[in-house]
Amino acid sequence: MSFLSDLRWRGLVHQTTDDVGIEAWLEEQPRTVYAGFDPTADSLHVGSLLGLIVLRRFQQAGHKPIAVVGGATGMIGDPSGKSAERNLLSKDELERNVAGLGQQMRRFLDFDAGSCSAELVNNFDWVGPWSYLEFLRDVGKNFPVNVMLAKDSVKSRLGRGDEVQSDGMSYTEFSYMLLQAYDFVHLYEKFGCELQAGGSDQWGNITAGIDLGRRMRSVQLRGLTWPLLTKSDGTKMGKTESGAVWLSADRTSPYQFYQYWINVDDTDVGGCLRMLTELSREEIESLDVARENEAGKRESQRRLAEELTRLVHQAEGLAVAQKATEIFFGAEISDLNDEQLSQIFAEVPSKELPRLRLSRDGLTIIDALVEAGLAKSKGEARRTVGQGGAYVNNRRVEGIETQLTAEHLASETVMVLRSGKKKYALLRFV
RNA sequence: GGGGGGUUACCGAAGCGGUCAAACGGGGCAGACUGUAAAUCUGCUGGCUAUGCCUUCGCAGGUUCGAAUCCUGCACCCCCCA
């Protein structure tokens, strides 16, 4: 199967500028492809994961990927897919974000692979030096306003007459597409890059770049978009109640990241496996069958979570996430030290108590639950224990009279308390 | 300005002299079931040094052996007539 037909099979091709010729063009020789990333934060999130994965696939197929971080365009704000004017980022913030993004990309792309080594560039480097007048003469001259006005990203914001709502857009955002278009031309000149890939919302910007290439350099550039990653209920993939799912462990722990994928709906998981993992077609199709026969096993979700967590957080991150999962879902806690427990229970509230409280008869389970914040009052704690809902180190507490002593410590200083199925708290005895 | 009704626990809502820490529903918590889904079922749901004690039925007083329940005043809300 050709590289492109594999991409198509995976559902990663939404539109191309040349459905017929592009396949042969890609097979003919190694090509250079670029995709852009928005530096609106110092970390990438699941929304931009797809772009990295597409570039990664291109590289694996022998092509040269370029990741462009929009240090310049980020200062302007891409109007595509946005309903309101964007807040501008300060130059400092942008620099910090660009650096953070570059760090993360190294996990996806090989920057030391000879002729197909990945490149990471910041468009501020070539956009920054332009003077306004020069830019208008050399680049702006090539953009007919009527064509610009016809772009969806602009149309939707201008809201012609019958449109219900429109926030309008500033001249700044209107100019965004010129900058991105010029990026393409610049990358063509510097790296011989002839293909730009992007999410389907980037189509307008991509074609703007292609037009500009033809006008300025008489060259035929190409574009390819992937579909936006959405769930069957229409909402964006990678969003939780508490916000975006990030790729940086500081913002979204490997455990949370792993759990996000474990919880993907049956209806969405097949698409995710195709688009996001590097599992073979055979493997994915056998998972489809398994899902139909034994949905309860959730083999697909497990594989998805495993593949992505390993890709983003390495084998070590995956191991922590899996261990944490095992424990959060009831495995008895033993043979772990303070450090491992702290890592697994990083997001769980904890409280320090003097070690003295464990001496002699120890601490009653009732007091422990209240101290840990798992019960609002002793009465509530009694009820929980009485109903069999209290656990120490994931072992159910049988009697309301239970006294906790040093023997109940899970590690050097930590005791893991749990109320009900999932509410955990740590007590640290120091 | 005149007349009537109301204010109960996290929310809604019963209770109208003792058996009221207060029915019922929702919510919440826990258990069973289950696919880390949804639904369903069961139990619990003021606090405590706990066969008892303390606080709680708008607020403050009073009647009574005894008040969420009766009386007086106050506050707030709703309705009807001007």
Side-chain angles (χ1 to χ4, degrees), chain A residues 46 230-235 237-242 245 252-273 286-309 313 317-333 344-349 357 360-404 416-425:
Chain A
V46 165
T230 53
K231 294 194 282 189
S232 51
D233 63 9
T235 58
M237 203 77 205
K239 290 274 182 206
T240 64
E241 317 78 58
S242 46
V245 177
T252 300
S253 72
Y255 169 73
Q256 289 171 326
F257 185 84
Y258 181 85
Q259 282 294 318
Y260 180 79
W261 299 108
I262 281 282
N263 283 309
V264 168
D265 280 357
D266 290 1
T267 40
D268 298 320
V269 73
C272 286
L273 284 168
S286 86
L287 283 168
D288 289 345
V289 174
R291 189 147 18 92
E292 218 150 290
N293 300 330
E294 299 177 292
K297 279 196 161 179
R298 297 152 50 80
E299 185 75 17
S300 299
Q301 280 87 344
R302 235 178 288 280
R303 289 290 279 146
L304 176 67
E306 203 176 302
E307 291 297 314
L308 292 178
T309 309
H313 296 293
L318 175 62
V320 172
Q322 285 177 324
K323 184 74 189 165
T325 295
E326 199 181 301
I327 285 173
F328 273 110
F329 289 90
E332 200 169 301
I333 298 165
I344 290 168
F345 290 102
E347 293 120 46
V348 157
R357 307 264 315 250
R360 283 196 216 137
D361 290 349
L363 182 67
T364 66
I365 180 65
I366 304 302
D367 287 335
L369 287 171
V370 174
E371 290 282 11
L374 291 178
K376 285 198 279 293
S377 68
K378 292 187 183 183
E380 192 179 304
R382 274 186 206 99
R383 244 175 274 133
T384 305
V385 177
Q387 295 179 131
Y391 302 78
V392 174
N393 304 329
N394 272 347
R395 180 183 292 173
R396 180 176 275 177
V397 173
E398 296 300 344
I400 203 167
E401 307 297 340
T402 304
Q403 301 281 323
L404 302 176
V416 182
L417 298 184
R418 173 180 139 211
S419 151
K421 288 202 199 330
K422 285 198 205 170
K423 259 167 47 196
Y424 282 87

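Numbered from 1 within each chain, the chains take letters A, B, ... in sequence-line order. Remember, it's a predicted structure, so these values are computed and weren't measured experimentally. Basis for what follows: all heavy atoms, side chains included, without hydrogens, waters or symmetry-related copies.
- Here the separation of rG62(B) from rA67(B), taken at their P atoms, is 12 Å to the nearest Å.
- Spacing between rG15(B) and rG6(B) at atom C1', rounded to whole Å, works out to 15 Å.
- For the pair R302(A) CZ and rU36(B) P, the interatomic distance rounds to 8 Å; values are reported in whole Å.
- Counting heavy atoms from C-beta outward, Y424(A) and E347(A) have side chains that stay 4.5 Å or more apart.
- rG73(B) and rC59(B) make up a base pair, with Watson-Crick or G-U wobble contacts both under 3.5 Å.
- Under 4.0 Å is where a charged nitrogen must lie from a carboxylate oxygen, and between R303(A) and E299(A) no such pair does.
- K378(A) comes within contact range of the sugar-phosphate backbone alone, with a heavy-atom separation under 4.0 Å but no base atom that close.
- Comparing rA68(B) with rC53(B), their P atoms sit 16 Å apart, to the nearest whole Å.
- In terms of position along RNA chain B, the nucleotide closest to D266(A) lies nearer the 5' end than the nucleotide closest to the other residue of the pair R382(A) and D266(A).
- Using a 4.0 Å cut-off between charged side-chain N and carboxylate O, D367(A) and K378(A) make a salt bridge.
- A distance of about 27 Å separates the C1' atoms of rA13(B) and rA60(B), rounded to the whole Å.
- Between rG28(B) and rA38(B), the distance separating the two P atoms is 12 Å to the nearest Å.
- Look at the P atom in both rC20(B) and rC74(B): the space between them is 34 Å, to the nearest Å.
- Atom pair N263(A):CG and rU36(B):C1' shows a separation of 6 Å (rounding to whole Å applied).
- Atom pair E306(A):CD and rU36(B):P shows a separation of 17 Å (rounding to whole Å applied).
- In this structure rG1(B) sits in a base pair with rC81(B), meeting the Watson-Crick or G-U test at under 3.5 Å.
- Two residues are said to be in side-chain contact when any heavy atoms from C-beta on lie closer than 4.5 Å; N263(A) and R298(A) meet this criterion.
- Between E294(A) atom CD and rU34(B) atom P there is a gap of 16 Å when expressed in whole angstrom units.
- When rounded to the nearest whole Å, the span between CG of L304(A) and P of rU36(B) equals 17 Å.
- The gap from the P atom of rU63(B) to that of rU69(B) amounts to 15 Å, rounded to the nearest Å.
- Counting to the nearest Å, the P atom of rA50(B) and the CD1 atom of I366(A) are 13 Å from each other.
- Rounded to a whole Å, the CZ atom of R298(A) is 15 Å from the P atom of rU34(B).
- Residues I327(A) and Y255(A) form no side-chain contact, since every pair of their non-hydrogen atoms from C-beta on lies 4.5 Å or further apart.
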With B for base contact, S for sugar-phosphate-only contact and - for none (protein heavy atoms under 4.0 Å), nucleotides 25-31 of chain B reads ----SSS

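- Side-chain contact between V392(A) and L417(A) is present, with at least one heavy-atom pair separated by less than 4.5 Å.
- Q259(A) comes within contact range of at least one nucleobase, with a heavy-atom separation under 4.0 Å.
- In this entry rC29(B) has rG43(B) as its Watson-Crick or G-U wobble partner, both defining distances falling under 3.5 Å.
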